[in-house]
Amino acid sequence: IFTSVANADEATGIPHFESKYEIEQYIHSVNIPYTILRPVSFMENWEYSKERINAGKISSPFSLGTRVQHISVRDIGRMAALAFTDPENWLSRSLDIAGDENSMKQIVNLFSSVTGSPVEYIQIPWDVYEKEEGEEMTIMDRWIDNTGYSANINLVRSQLKDMLTLEDYLHEAKW
């Protein structure tokens, strides 16, 4: 089982997506049994901004309408466990995996609701964001803002029905 990244097979131009796809191609070329799981953005990534969000602010270069797909690390592991326990269904399969999708506006509202305090959205200009986060993160986030992940959440949930939503995750992580 190899954990790649969603949309790696779509020539996104994102360096770490492209390198994961090279590994996928190698796996195919050596003709070994495989399952490739391609997760989207991790729900746990919000932990890096927890202090700022608890202070009432979310900063991002995304527009409020940008849709972001998420998956919990726990659910990635549970998907891998399914592949190990049911190899007939999972061998030679590549699957983009996500548990939830929300617009940035919905995400801000979720944080406000779960924390019990208003959270303000601050849209950062792309040039400022690139100075803070670097070129590769900017390339990836511009792609998310313009194109975005396209995991089929209904298909993924048909395999693992009790995947966390972002709201579930925030409650479990005691936000």
Side-chain angles (χ1 to χ4, degrees), residues 3-8 10 12 14-17 20 37-82 95-175:
T3 305
S4 182
V5 63
N7 300 87
E10 295 182 8
T12 62
I14 303 165
H16 67 277
F17 285 32
K20 287 199 178 251
L37 299 177
R38 296 181 180 140
V40 296
S41 296
F42 303 155
M43 292 176 185
E44 289 78 2
N45 288 344
W46 287 106
E47 299 297 328
Y48 296 112
S49 303
K50 190 170 189 172
E51 187 175 316
R52 185 162 169 77
I53 293 169
N54 282 330
K57 298 190 184 316
I58 291 180
S59 303
S60 169
F62 297 146
S63 69
L64 280 171
T66 297
R67 301 202 60 80
V68 181
Q69 291 189 337
H70 288 96
I71 189 165
S72 72
V73 172
R74 179 196 84 175
D75 288 338
I76 297 168
R78 293 174 68 225
M79 292 294 288
L82 284 176
L95 181 64
D96 289 3
I97 57 175
D100 201 8
E101 178 177 89
N102 299 283
S103 70
M104 284 304 296
K105 182 174 178 54
Q106 290 170 320
I107 291 168
V108 171
N109 291 339
L110 265 176
F111 278 107
S112 293
S113 173
V114 171
T115 63
S117 299
V119 176
E120 173 189 6
Y121 184 70
I122 301 166
Q123 187 172 8
I124 304 169
W126 283 105
D127 60 329
V128 172
Y129 182 77
E130 185 167 3
K131 286 177 187 165
E132 292 175 5
E133 299 298 330
E135 181 180 11
E136 187 166 342
M137 285 295 291
T138 302
I139 291 169
M140 179 184 70
D141 284 343
R142 278 186 183 275
W143 176 83
I144 290 171
D145 197 41
N146 294 318
T147 303
Y149 293 113
S150 57
N152 181 335
I153 294 172
N154 290 331
L155 173 64
V156 176
R157 284 186 171 273
S158 75
Q159 302 293 309
L160 188 63
K161 295 182 183 359
D162 62 342
M163 295 182 77
L164 292 176
T165 63
L166 182 57
E167 183 174 7
D168 295 336
Y169 169 79
L170 293 174
H171 285 293
E172 279 195 13
K174 302 195 184 327
W175 275 73

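Model, not experiment: these values are computed from the prediction. By convention here, the first residue in the shown sequence is residue 1.
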Close side-chain approach of D100 to L164, heavy-atom, < 4.5 Å: no
I need the full list of ring-ring contact (aromatic ring centres under 6.0 Å, His included) pairs touching residues 156-175, with sequence neighbours left out, sorted by first then second residue. F111-W175
Residues 53-80 vs salt bridge (Lys or Arg N to Asp or Glu O under 4.0 Å), sequence neighbours excluded, gives K57-E120, R67-E101, R74-E172, D75-R78, R78-D162
Can you tell me how far apart CE (M163) and NE2 (H70) are? Round to the nearest 0.5 Å. 12.5 Å
S59 meets the side chain to side chain donor-acceptor pair (under 3.5 Å) criterion, sequence neighbours left out, with R52
Output all residues satisfying side chain to side chain donor-acceptor pair (under 3.5 Å) with S49, sequence neighbours left out; order by chain, then residue number. none
Spacing of R38 atom CZ and F17 atom CZ [to the nearest 0.5 Å]: 11.5 Å
Where is the tightest heavy-atom contact between G99 and R157, given as atom of each residue plus distance? O-NH2, 2.7 Å
Look only at the side chain of E47 and the backbone of E44, and say whether a donor-acceptor pair between them is shorter than 3.5 Å. no
Are the side chains of S63 and T66 in contact, using a 4.5 Å heavy-atom criterion? yes
Check whether any side-chain heavy atom of M79 sits under 4.5 Å from a side-chain heavy atom of V156, and report yes or no. yes
My understanding is that only residues two or more places apart in sequence, or in another chain, count here; which of them pass side chain to side chain donor-acceptor pair (under 3.5 Å) with T165? D168
Student check: side-chain heavy atoms of T3 and P39 closer than 4.5 Å: yes
How far does NZ of K105 sit from CG of L110, to the nearest 0.5 angstrom? 12.0 Å
Any side chain to side chain donor-acceptor pair (under 3.5 Å) involving residues 124-134? Give me the pairs, sequence neighbours left out, ordered by first then second residue. Y129-D141
Take atom OH of Y121 as the centre, draw a 6.0 Å sphere, and report whether it contains more than 12 heavy atoms from other residues, nucleotides or ligands. yes
With sequence neighbours left out, write down each residue that passes ring pair (Phe, Tyr, Trp, His ring centres under 6.0 Å) with F62, or none if nothing qualifies. none
Look only at the side chain of N102 and the backbone of I107, and say whether a donor-acceptor pair between them is shorter than 3.5 Å. no
Measure the spacing between CD1 of I144 and CE of M140 and express it to the nearest 0.5 Å. 4.5 Å
Using 0.5 Å steps for rounding, measure from the CH2 atom of W46 to the CD1 atom of I58. 5.0 Å
Among all residues two or more places apart in sequence or in another chain, which pass the side chain to side chain donor-acceptor pair (under 3.5 Å) test with T138? none
Using atom types as modelled, flag every donor-acceptor pair under 3.5 Å from a side chain in residues 147-155 to any protein atom, sequence neighbours excluded.
| residue | atom | partner | partner atom | Å |
| --- | --- | --- | --- | --- |
| S150 | OG | N7 | ND2 | 2.8 |
| N152 | OD1 | N154 | N | 3.2 |
| N152 | OD1 | L155 | N | 2.9 |

Rounded to the nearest 0.5 Å, the OG atom of S60 sits from the CD1 atom of I124 at a distance of 6.5 Å
